[in-house]
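For the numbers below, each heavy atom of this structure counts, side chains included, while hydrogens, waters and symmetry mates do not. Residues take their numbers from the sequence shown, with the count starting at 1. We count ligands from 1, going down the list as the structure has it; atoms in each ligand are counted the same way.
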Amino acid sequence: MSTDTITCKAAIAWEAGKPLSVEEVQVAPPKAGEVRVRIIATGVCHTDAFTLSGDDPEGIFPAILGHEGGGIVESIGEGVTSVVVGDHVIPLYTPECGECKFCKSGKTNLCQKIRATQGKGLMPDGTTRFSQNGKPIFHYMGCSTFSEYTVLPEISIAKVNKSAPLEEVCLLGCGVTTGMGATVNAARVQKGDSVAIFGLGGIGLSAIIGAQMAGAGRILAIDINEKKFDLATQLGATDCINPKKFDKPIQDVIVEMTDGGVDWSFECIGNVNLMRSALECCHKGWGESVIIGVAGAGQEISTRPFQLVTGRVWRGTAFGGVKGRSQLPDYVERYLAGEFKLSDFITHTMKLEDINDAFDLMHSGESIRSVIHY
Ligand code: NAD
Ligand code: AHE
Ligand code: ZN
Ligand code: ZN
């Protein structure tokens, strides 16, 4: 175990709208209640691209992005008791302290213990562990997995089974858990229900897995990129719909196809117009729509209030409503037991030096997930 500062490679986001730059950074040792982790692999999520684009009101630069990682504990700070050096862990952008009002409520996974400092790119003590030649570099979503080493609060790591390949289960650090979790936590999809999923990236495809496992009778998969339809169908989509093929609003198409609308819908794109479509394709009286997609600064959702008056429900979820420390290890066990596959999602792998290719592949619609191997 090292208590020295480590110099290692990281992809630095120096400013919004510019490619990442792979450079050496210094990673300070963990302070009390913190853990330093060697990242083995990380996925690239659309939210990383969103923040890099400059659309994130909380975007702060220079920063080390990345929040879908898997790694091994390298050293622990004073007072850390829940992990030891060598443990395999998944960083959590939604921590679980177990003692704040939110954790104790039993109603949400949105632990707020360190949310204020996390949103400012800082560790809970208000400082950063990353620097370059003395110049501080900000953390991102409390994770910063685009670095060979990162420092996390103890409450922001989930210890997972060592037999799980970190190159795959890193996807449970965000995308797959978010999509699957949303179908059972934010929504409660039941056997025979109809479901519409808008956007077939890592999140939407995982929502298909969740809906299929819950026994949904009809799963409508919606995307303008038809290359996504094969995997969507393999995972359980019963109907694949390209809105561009219709000359009327997609919500009208779905309402007609489903005898009045779906029981549940999920917006997995981050487009406020499609959030409206997702709400309005829900069945009168009971249909519920879950917003997962993240929309840019200043954007707002709208619909006629009559849509809600007549029984539709609008809700949203972060990290699929999953409590990271107590529930994520079980997702890893279910993956190990063969309940679902992660390899289907990994369309590209690359070294950190090529991380900008991952963003290009995402924007061109070629990839589902790119995974960086360190
Ligand atoms: P992605 O880029 O991999 O997938 C998005 C999909 O949406 C693509 O298949 C794309 O073709 C499709 N799409 C884009 N515009 C469309 C349109 N007009 N009509 C239909 N389909 C369209 O992204 P992802 O990583 O799956 O993330 C999806 C969204 O979820 C992003 O906004 C991301 O920031 C957000 N997200 C939220 C959470 C959360 O906890 N709430 C977690 C992870 C990601
Ligand atoms: N910082 C943005 C919002 C970004 C956002 O909504 N993040 C999601 C996770 S996306 C993962 O890919 C989230 O967890 N939100 C809850 C939270 O507390 O950040 C903004 O609009 O300010
Ligand atoms: Zn994410
Ligand atoms: Zn808490």
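- At a 4.0 Å heavy-atom cut-off, ligand 1 touches Phe319 through the backbone alone.
- The nearest protein atom to atom 4 (C) of ligand 2, hydrogens excluded, is given as Val294 CG1, 3.8 Å; this is a heavy-atom distance.
- Just one residue in the list Glu23, Glu24, Gln26 forms a side chain to side chain donor-acceptor pair (under 3.5 Å) with Gln132, and that residue is Glu23.
- Between the side chains of Glu366 and Thr347, no donor-acceptor pair is found at a separation under 3.5 Å.
- Contact annotation: for Leu200 versus ligand 1, heavy atoms closer than 4.0 Å belong to the backbone alone.
- Of the heavy atoms in Cys174, only side-chain atoms (C-beta onward) come closer than 4.0 Å to ligand 1.
- Around the Zn ion (ligand 3), the two atoms NE2 of His67 and SG of Cys174 are separated by an angle of 110°, to 10 degrees.
- The shortest N/O to N/O separation between Gln112 and ligand 2 does not fall below 3.5 Å.
- The distance criterion of under 3.5 Å between nitrogen or oxygen atoms is met by Asp56 with respect to ligand 2.
- In this structure, atom 12 (O) of ligand 2 lies nearest to the protein heavy atom Thr47 OG1, 2.6 Å.
- Of the protein's heavy atoms, Cys268 O, 3.1 Å lies nearest to atom 28 (C) of ligand 1.
- Residue contact check: Cys45 has heavy atoms under 4.0 Å from atoms 12 (O) of ligand 2.
- Residue Cys45: an N/O/S atom is found under 2.8 Å from the Zn ion (ligand 3).
- For the 3.5 Å distance criterion, the side chains of Glu267 and Ser289 fail to qualify, holding no donor opposite an acceptor.
- Counting only non-hydrogen atoms, the option in Arg369, Glu226, His67, His363 that gets closest to atom 25 (O) of ligand 1 is Arg369.
- When heavy-atom distances to ligand 2 are checked against a 4.0 Å cut-off, Tyr93 comes that close only through its side chain, counted from C-beta outward.
- The protein atom (non-hydrogen) at minimum distance from atom 2 (O) of ligand 1 is His46 ND1, 2.5 Å.
- Looking at atom 3 (O) of ligand 1, its nearest protein heavy atom turns out to be Gly201 CA, 3.4 Å.
- For atom 38 (C) of ligand 1, the nearest non-hydrogen atom from the set Ile203, Asp48, Ile292 belongs to Ile292.
- The protein non-hydrogen atom at the shortest distance from atom 16 (C) of ligand 2 is Ala318 CB, 3.9 Å.
- Ranking protein heavy atoms by distance to atom 19 (O) of ligand 2, first place goes to Arg115 NH2, 2.9 Å.
- In the candidate list Thr178, Val290, Ile368, Thr178 is nearest to atom 42 (C) of ligand 1, counting heavy atoms.
- When hydrogens are left out, the protein atom nearest atom 21 (N) of ligand 1 is Ile269 CD1, 3.4 Å; that is the closest non-hydrogen contact.
- Look at Tyr93 and you'll find a heavy atom under 4.0 Å from some atom of ligand 1.
- Remark: the Arg325 side chain and the Ser82 side chain contain an N/O donor-acceptor pair separated by less than 3.5 Å.
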